Amino acid sequence: MRRLPDRGEIDRARPLRFRFDGRALTGYAGDSLASALLANGVRLVGRSFKYHRPRGIYAAGLEEPNALVSIGRGDARRPNIQATAVPLSEGLEAVSQNRWPSLHLDLQSLTGLAAPLTGAGFYYKTFMGPNARAWMLYEHFIRKAAGLGPPPTGPDPRPAETLHAHCRVLVVGAGLAGIAAALEAAREGDSVLLVERDSLLGGAALSTPPGSQERAHLETLLTALAAQSNVQVLTNTQVFGTYDHGCFAAVEEGEVLQLWLIRAERAVLASGALERGFVFPGNDRPGVMLAGAARTYLNRYGVLCGERAVVFQNNDSGEAVALELAQAGAAVTLVDPRENLDAERRKSLESAGIILRLGSRITAAFGRRLRVVEVSGARDRARLPCDLLCLAGGWSPVLHLASQAGARPRWSDPHAAFLPGSLPGGMAVVGAAAGDFRRVADGEVVPETGWSRPLQPLWRSGEGPMAFVDLQNDVTAKDVRQAHDEGFVSVEHLKRYTTLGMGSDQGRTSNVLGLALMAEASGRTIAETGTTTFRPPYAAVSLGALAGAEVGGAFHLRRRTPLDSLLREEGAVMTHSGLWERAWYFRENGPDLESASCREMEIVRSDAAISDVSTLGKFEIEGPDAAELLNRLYCNGWSKLAVGKARWGVMLRDDGYVFDDGTTARLGETRYVMTTTTAKAEQVLSRIEFLLQTAWRDLRVQVCDVTDHWAAIALSGPNARKVLAKLIGAEQARDLPFLGLLETELAGAPVRLIRVSFSGELGYEVYCPAQDAPSVWRALRRAGAGAYGLEALGALRIEKGHVSAGELDGRTTLDDLGLAAMASRKKAFVGQVMAERPGLQAKDRKQLVGLTAETPLSSGAVLSFGPFAGLGEGRITAATWSPSLGCYLALALLRDGRAQHGREVAVHDPARGRLCKALVRDPHFLDPEGVRQRG
Amino acid sequence: MDDRHSILDQGAALQLQLQPCRPLVQVGFWRGARGAAALRLAEALAFEMPADGRQVAGFPDGWAYRIAPDRLLLLSDRARPLLQECRSAVGQDGAVSDIGHAKRILDLDGSEAVSLLTRGIAIDLGPAGLTPGAFAQTRLHDASILVHRLSPERFRLLIPTSFAAALVDWFVESWAMMQY
Amino acid sequence: MRLICPWCGSRDSEEFAYGGDAWAQRPAQAESDPEAWLAYLYQRDNPRGPHREYWQHRFGCRRWLLVERDTRTHEVTLVTFAEEVGS
């Protein structure tokens, strides 16, 4: 193996240093890691999966089964990367895998001696069924033995982004056929996206020698392509998935991970064809490689992979390889099972010094590194010394992307390959992917394939042990036979039982061989045997690329209220509530959550304070039928609500459970403004829109989302009216009744004031346009109001016994929450009929109760009267310390709870390791008559 | 955030400006009243009612977006009592809501604007897609946005006020990634 | 997956929210027979083949759409405004 001085597309002026298993090596710009390893004489690159046999580089692309390496360091390390698919870069660090303690001394290769014990279905038989416990015992050992590269444990440090692309025509693969297809579409004026996995355009033409017809054709095509402005070309980018309705995904894993989401009206798959070998004992020896790969290394990378080469073909594509190897100085023997060869071709091969062995086949290969092959003819058998064996066993079109879209491939005997079957609309397959192999051969052609002579089907050329079908998974011919003998007749079962075709190469070189042997064993044709279904991704994709930039804090975009900056300036500590950021507590009220929130509750109960409630959903409802809409949506009545008044309403779902609650005010004859809880705002809006556009099309009404237009500030406390009086005048403040609405001006801003209370104190909600919110907030603070955050807000409502998200969990009814009296009997509303069904009226449903305790209570804790069993008798939905009552409080849903007032209940909280007692009572802990809020 | 500021350096291939609030009104018509009231409004503001949800209609110092078959979004570039103008034109035949504070305007200008947008929004910005003079409502991450293409390199985005800070951060960070 | 919104054009499914089976007939608001509501809420055919479902173009025009989709192939044969279906 050596680098030739005058061959290849590499840039010898740009040497690149890299390391393989710690060894410092040098390659050139334009090399792949695999070509650079070969040029450095590295023949052994890994150990096999099951038997730990030494393996060398077998292919030159994504079909490589053996040369799996880990690239990079630390969290940037990528395991199980095919060395053939990695462009060489300065400082690249690659480590071989699946060997312990080192590549050259692998203790586990002793498993090879125990091969008869580890055949097909070994795992299933040994560790499943009655022996399942053995798996627990051996898993650690097996995982280590079968270990692929260990994955990195931290987040992927490479930056990542997602790009959206749209085109009329997507062309996958920029070989000659792909470029021609792109040009054809571009000339018709279509916008074209041409995506190529390789760093260069040209596909198989890049593997041909200088001056070849293919290269000349490529040059012409590239010149024409450069003149087209409507073609966008992506290189180093792998299209890995086909999705519904013309969607495709592609990835470029460079310094930045780029995930491309492509929408195309039409797709042309020019994804080429991959070569396969033959099955015979020792066909995995380092030095055995695909003929096309040897050609690629020779012509593209200037690496001669052996000095004494044997080329074994059953179709014409090995001849060019044999000729070019001979021209490069290798001693070459061409082995072909076919007898006939026309005189002209025979002459050209022989004059190049190639020894022909026609009517023969390779039946075995020997040597830890390939030393000798056995050639068998009809009458004779010989051993040929060699250091390179090139296999040309036929070509398999790459049909994964079409198969992912649901297209079943069909078997073609002349091609000895699966070809695209009926394709989904808007998809076409061209070039070698469609079975046109002309570009991988030359001369007079057979019409179907483009070859000069028909291929002779040949799958297994030699009998015996260690004849591999799937090199990556160490599946042998014997394993396939055994699977058949054990009754696995479906190819999908064969795949799962033997692992044939799994792994990072996805059986690209082995699937057809496996099917052929399966067909042979069952006496069926390959067409009858069928093939497995392909699913995305076609090639391995880093999870970091799929995640894109939307990781960590960028996973969601956070919504901020118009008061956000001001509250942070005032020392608010923020927390998340859905997508929203909300003020949790204010540092001015205490150094930590507990002390600050208790202080904030005290201010509300004894003085006055304000809180940012801008996150409430707000919807303007306008039209002659607005009141009718409200009547249908809410369980309570709206016909009598006067202009300038507000009302609290509860909505049910169609199935009768409680959906949401909120205050709705009447702004004018036909205009209302509805508020919803923060959590359900979008769901409520969406539901109203659904009903108006389907069942209630007769209603003349429109709903407009004004959530972001209006800031909302809750003002609560016995001194709330005094605070307000300073800003809007004592008269206006005094005249605003409970549940009254006032549109006025405050701190120069137009505001809507609604007198409602969530805390149970005298309270107002102040609505103002978003940009006016900071000045309104400041004015209220200057007028004497303290500030309180979400923690205190939640705790105050528990003291008052107001229901909120914890109780409105989609499983509670009006009656469960003590709200049965709200339901109107004079009108039909959503959920009314279903709320009457027996299950929702049952006596033993869980009902809202209050709990008091001397020790902390926590939401999620389970309640029981007797011994704790199952889900107990109920659960806590919200809990707090109550500074006003001087004890711990909770709201809970308890079976037949209203009949249990006064009883002691056990509170189990296994998650926190707590068990305590609490007293069941009415949930309205504070001011049950509502004197304060009406004050 | 300042009311109006250039978020990226002067001289960059992209300018990003968050504009102050402008008069913005949503008008909805219920079935049966669609035609007459809508035409009165179009006449009052002097725009031609867009036939579809793609073309933007201009009126003096403003824009009309037909965001749904029965809904219009009207944006004025100067201070004016747009809400009252709409109410008096529409009368009892439609719903008129002031949403001037619900949306912020984010202007993108520069040769890299398209490239930056393709990193966030999944609509076609090519010649077959959003051309100058057209608009589209779509999503950017978690947020619902309206994209109005003013010229090949100029875009006006209407973004929800509550998402404005996060979206500006998104643009600045995505821009930094493009320079990586 | 893509859906062609009759108002906004062809968009990714991420812009839409699924809204359930559109074969189910919602009873009239005044319907008091629980059987009719039970059928609407819980009885589903789950067909293999053409299916009708509701989607809302949540990040676009917010219209509710009626979509006819083949559950075997995901082929979408019809997208129309829900309010234009039936009477």
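Chain letters run A, B, ... following the sequence lines, proteins first, then strands; residues in each count from 1. Here the structure is a predicted model, which means the values were calculated and not measured.
In terms of heavy-atom proximity, Val96(B) sits nearest to Glu620(A) at O-OE1, 4.2 Å. Annotation for Gln702(A) and Ala95(B): closest pair CB-CB, 3.6 Å, computed over non-hydrogen atoms. Listed here is the closest heavy atom pair of Ile123(B) and His166(A): C-NE2, 3.2 Å.
The structure places CZ of Arg559(A) at 9.5 Å from OG1 of Thr161(B), a figure rounded to the nearest 0.5 Å. In this structure, the separation between CG on Asp564(A) and OG on Ser162(B) is 10.5 Å, given to the nearest 0.5 Å. To the nearest 0.5 Å, the span separating CZ on Arg560(A) from CZ on Phe163(B) amounts to 11.5 Å. Distance check, rounded to the nearest 0.5 Å: CG of Leu163(A) to CG of Leu117(B) gives 12.0 Å.
At a 4.5 Å heavy-atom cutoff, the contact between Ala554(A) and chain B is made by backbone atoms alone. Of the two parts of Leu579(A), only the side chain, counted from C-beta on, holds a non-hydrogen atom closer than 4.5 Å to a non-hydrogen atom of chain B. Proximity to chain B is absent for every atom of Thr615(A), based on heavy atoms less than 4.5 angstrom apart. Looking at Phe619(A), there are no atoms closer than 4.5 Å to chain B (heavy atoms on both sides), in backbone or side chain. Residue Arg168(A): no heavy atom, backbone or side chain, is found under 4.5 Å from chain B.
Of the listed residues (Leu557(A), Asp772(A), Val701(A), Leu261(A)), the greatest number of heavy-atom pairs within a distance under 4.5 Å of chain B belongs to Leu557(A). Ranked by heavy-atom pairs under 4.5 Å with chain A, the first of Ala122(B), Ala128(B), Ser97(B) is Ala122(B). Counting heavy-atom pairs closer than 4.5 Å to chain B, the top-ranked of the candidates Glu550(A), Glu669(A), Glu581(A) is Glu550(A). Contacts with chain B were tallied for Ser191(A), Pro624(A), Gly548(A), Ala549(A); Pro624(A) has the most, counting heavy-atom pairs under 4.5 Å.
Not one N or O on the side chain of Gln771(A) forms a donor-acceptor pair closer than 3.5 Å with the backbone of His101(B).
Side-chain atoms of Arg119(B) and Gln258(A), non-hydrogen and from C-beta on, do get closer than 4.5 Å to each other. Looking only at side-chain heavy atoms (C-beta outward), Arg263(A) and Asp124(B) stay at 4.5 Å or farther from each other.
For Arg80(B), the salt bridge (Lys or Arg N to Asp or Glu O under 4.0 Å) partners are Glu85(B), not counting sequence neighbours. By the side-chain hydrogen bond (donor to acceptor under 3.5 Å, both in side chains) test, Asp612(A) pairs with Thr561(A), Ser614(A), sequence neighbours left out.
Environment of CD in Glu743(A): crowded, with over 12 heavy atoms of neighbouring residues, nucleotides or ligands closer than 6.0 Å. The 12-atom threshold is exceeded at CD of Gln179(B), counting heavy atoms of other residues, nucleotides or ligands nearer than 6.0 Å.
Interface with chain A: from residues 131-145 of chain B, residues Leu140(B), His141(B), Asp142(B), Ala143(B) qualify, criterion being any non-hydrogen pair under 4.5 Å. Heavy-atom neighbours of chain B within the stretch residues 703-712 of chain A, taken at a separation under 4.5 angstrom, comprise Val703(A), Cys704(A), Asp705(A), Val706(A), Asp708(A), His709(A).
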